[in-house]
Amino acid sequence: MLTMDRRRRTAADFGAAHKAGRRAVAAGWLLAALILPALAQAGIGEAGARHLLSRTGFGANPAQIAVYAPLDREAAVDRLLAGSRAVAATPPPSWAGEPFERPGQANLSEDEKKALQKLRAEHAVELRGWWLNEMRYTPSPLSEKMTLFWHNHFVSALDKVRSPQMMYQQNLLLRRYALGNFGEMLHAVARDPAMMRYLDTANNRKGQPNENFAREVMELFTLGEGHYSEQDIREAARAFTGWGLDRDDHFVNRPKLHDDGDKLIFGQRGNFDGDAVLDLLLQQPATAEFITAKLWKAFVSPKPDPATVKRLARNFRNSRYEIKPLLRALLLSPQFWSSQGQLVKSPLELTIGTLVTFDLSPPDWRALAGLNRQLGQDVFAPPNVKGWPGGEAWINSATLLSRKQFLDRIAHDAAPARNAFALPDGGMDEMKGREARINRLVAAGLRSLKLQPDEWSAIYQVRSAQDSAKLLLALPPANPLPESLSGAQAIAPLLLDPVYQVH
């Protein structure tokens, strides 16, 4: 176990590494402005390929890096985008096509209710494992990265939706539109049963408008704070009346429950319905800027460049909200190529990315899902309607310890064995119920997950410590490596270096 003092030092090391990366990027912008046009025509090299693949997916092994390294920037980005998919490659769970589960079913005995709750919990676990497997083995990591981005934008969560089937169908919807058209996705999400249940749209009727969806569609899905009024929300809620779910929990529009009176929204008056409100939102310049800035924070750096965001957002709006051209422009921007080390890896980027990098697969996907929950990113269960905040919020004393323990376990054969996945001070006796079971599952399920550094280094001809560093880190290691180390011997210290936590 790490002492509290060592935890503080570890957190300080990470903070210093992250700040150093940001300073290096800022200092290099002037030089980049002079030489980037010439570099853009040359092959992006191993460092550039690692940067592109890490940001747009979940890690990259040396073979994947080798494919992109000879390409120039445009060719590399275009190859990446051309490989995007609208459907998952992993077969769906066996129950995915069954009717949606209802939160509460009448006339059930207590035993039947308990059995239903148990079945729902089993389906939820299987659903998480299904998506993590897809992230690990997908032919298009970018598609999964974008599906995850929209999952954290159009937030729904199992704890309220209470139907794994609904969440599965929503996941398919987000992937279908992930690199498609934002306007079409917005209209589809507004009718999605999981979203309607999560934000109470199904309970919205004339005379009793529910403002939840109207508020969130403006604040979180399109405009962002400060670009709408309370009156806009109230009037929009009236426009969405009549939208609901039928007895099979599919979308239905009930005209008799719709408020067909005039509404005043964004200064325009009319008998607007829900679709008309969504179109009004898409007409606002703030929508394109909000989405562009959010994508910038996810793929480029924590602080968007205002002038570039405005230019890209204008093109995004003029293209009628086509996502792929916007993402292409972001990935070809000079700021993207000079942003190494600017982003903290999310739990999924750290865990799935490490598996991808070293060609590993966990013996139990439930264990990996449990680990990511410990690290703060439980898929299909964002913490609230705003989703995961991301960035430096991923790191605190508890999650940093768990991150290091996970990497200790991965490097088990390359470094002295440690008590990976040990619980916080106090041990298992202090853990209760569900959390204790999750910790046992994580510890048992990942104990056999081992990296073979000699074999990995031999397969990919990673001979020196410098070779390993170029393939694994976005910046030079915070803790310099002895020159005598081989590529295999360098893996363990590089995994535990604070710089491995950023990309």
Can you find a heavy atom in the side chain of R409 that is under 4.5 Å from one in the side chain of L451? no

Does any N or O in the side chain of S333 come within less than 3.5 Å of the main-chain N or O of F336, such that one atom is a donor and the other an acceptor? yes

Restricting to non-hydrogen atoms, name the atom on M185 and the atom on L174 that form the minimum distance, rounded to 0.1 Å. SD-CD2, 4.3 Å

Can you see whether D454 engages S457 through a side-chain donor-acceptor pair at a distance of less than 3.5 angstrom? no

Between R175 and E144, is the salt bridge (charged side-chain N to carboxylate O under 4.0 Å, His left out) condition met? List the steps. CA-CA 7 Å; R175 186 176 293 99; E144 294 315 301; 2.8 Å; yes

Would you say the ring centroid of F182 lies under 6.0 angstrom from that of W150? yes

Do R128 and N372 come within less than 4.5 Å of each other through their side chains, counting heavy atoms only? no

Which heavy atom of E349 sits nearest a heavy atom of G57, and at what distance? CG-O, 4.5 Å

Output yes when a side-chain donor or acceptor of D497 lies under 3.5 Å from a complementary backbone atom of A478, and no otherwise. yes

Show your working on side-chain contact (heavy atoms from CB on, under 4.5 Å) between E74 and L332 and close with a plain yes or no. CA-CA 7 Å; E74 284 202 21; L332 289 175; 4.0 Å; yes

Just checking, any donor-acceptor pair under 3.5 angstrom between side chains of R311 and N315? no

Quick check: closest heavy atoms across Q169 and A96, and the distance to 0.1 Å? NE2-O, 3.9 Å

Drop me the distance from L355's CG to L350's CG, to the nearest 0.5 angstrom. 9.5 Å

Establish, from distance only, whether the side-chain atoms of Y198 and D159 form a donor-acceptor pair under 3.5 Å. no

Looking at Q64, is its backbone amide N or carbonyl O close enough to the side chain of N61 to form a donor-acceptor pair, meaning the two atoms are under 3.5 Å apart? yes

Side-chain donor-acceptor contact under 3.5 Å, Q335 with S301: no

Worked check of side-chain contact (heavy atoms from CB on, under 4.5 Å) between M146 and I323: CA-CA 10 Å; M146 288 299 294; I323 298 166; 3.9 Å; yes

Stepwise, does the side-chain contact (heavy atoms from CB on, under 4.5 Å) test hold for F290 with T222? CA-CA 7 Å; F290 181 71; T222 56; 5.8 Å; no

Where the side chain of E322 meets the backbone of S319, is there a donor-acceptor pair that is under 3.5 Å apart? no

Could you tell me whether the side chain of V77 reaches within less than 4.5 Å of the side chain of L327, counting heavy atoms only? no

Does atom NZ (K297) have a neighbourhood of more than 12 heavy atoms from anything else shown, all under 6.0 Å? no

Using a strict threshold of under 4.0 Å (side-chain N to carboxylate O), is an ion pair present between R366 and E126? no

Side chains of H151 and P382 in contact at under 4.5 Å (non-hydrogen atoms): yes

Can you check ring-ring contact (aromatic ring centres under 6.0 Å, His included) on F154 and F221, steps first, answer last? CA-CA 6 Å; F154 295 113; F221 299 169; 5.0 Å; yes

Any donor-acceptor pair under 3.5 Å linking the side-chain atoms of D192 with those of Q170? yes

Rounded to the nearest 0.5 Å, the CD1 atom of I65 sits from the CG atom of L471 at a distance of 5.0 Å

Does the side chain of T90 pick up a donor-acceptor pair with the side chain of N133 at under 3.5 Å? yes

Below 4.5 Å, heavy atoms only, C-beta onward: do W337 and I44 meet side chain to side chain? yes

For W296 and T308, run side-chain contact (heavy atoms from CB on, under 4.5 Å): C-alpha distance rounded to whole Å, both residues' side-chain angles, the deciding distance at 0.1 Å, then the answer. CA-CA 10 Å; W296 182 293; T308 306; 3.7 Å; yes

I459: which residues meet the side-chain contact (heavy atoms from CB on, under 4.5 Å) condition with it, sequence neighbours left out? E455

Nearest heavy-atom contact between A490 and S468 is CB-CB, 4.2 Å

Is any side-chain heavy atom of L158 closer than 4.5 Å to a side-chain heavy atom of P164? yes

For the student: nearest non-hydrogen atoms of A465 and L494, plus distance: O-CD1, 4.3 Å

With sequence neighbours excluded, what pairs up with N152 under the side chain to side chain donor-acceptor pair (under 3.5 Å) test? none

Could you tell me the separation between the OG atom of S143 and the CG atom of L148, rounded to the nearest 0.5 Å? 12.5 Å

Kindly say whether A89 contributes a backbone atom to a donor-acceptor pair with the side chain of E134 at under 3.5 angstrom? yes

Does the R463 side chain pair with the main chain of S486, one donor and one acceptor, at a distance under 3.5 Å? no

Between R403 and T351, is any side-chain donor less than 3.5 angstrom from a side-chain acceptor? no

Is the closest side-chain donor-acceptor distance between Q377 and W394 under 3.5 Å? no

From NE2 (H153) to CG (L295), nearest 0.5 Å: 9.0 Å

Ring pair (Phe, Tyr, Trp, His ring centres under 6.0 Å) contacts touching residues 52-95 (sequence neighbours left out): W95-H123

Do H51 and H503 touch side chain to side chain, with heavy atoms closer than 4.5 Å? no

Under 6.0 Å between the ring centres of F316 and Y321? yes

Starting at CG of L368, measure out to CG of L348 and round the result to the nearest 0.5 Å. 8.0 Å

Looking at K345 and Q501, would you say the former's side chain and the latter's main chain have a donor-acceptor pair under 3.5 Å? no

Can any side-chain N or O of R136 pair as donor or acceptor with the backbone N or O of L360 at less than 3.5 Å? yes

So do the side chains of Y168 and W130 get within less than 4.5 Å of each other, counting heavy atoms only? yes

Applying side-chain contact (heavy atoms from CB on, under 4.5 Å), name anything that partners P91, two or more places apart in sequence or on another chain. none

Within residues 465-502 or reaching into it, pairs that qualify as ring pair (Phe, Tyr, Trp, His ring centres under 6.0 Å) - sequence neighbours excluded: none

In terms of ring plane angle, is the pair F149 and F299 parallel, tilted or perpendicular, where the classes change at 30° and 60°? tilted

Could you list the residues that satisfy side chain to side chain donor-acceptor pair (under 3.5 Å) with E289, not counting sequence neighbours? K310

Return the minimal non-hydrogen interatomic distance between W131 and T147, and the atom names on each side. CZ2-CG2, 3.7 Å

Rounded to the nearest 0.5 angstrom, the CZ-NZ distance for R55 and K145 is 8.5 Å

Side chains of S346 and W388: do they bring a donor and an acceptor to under 3.5 Å? no

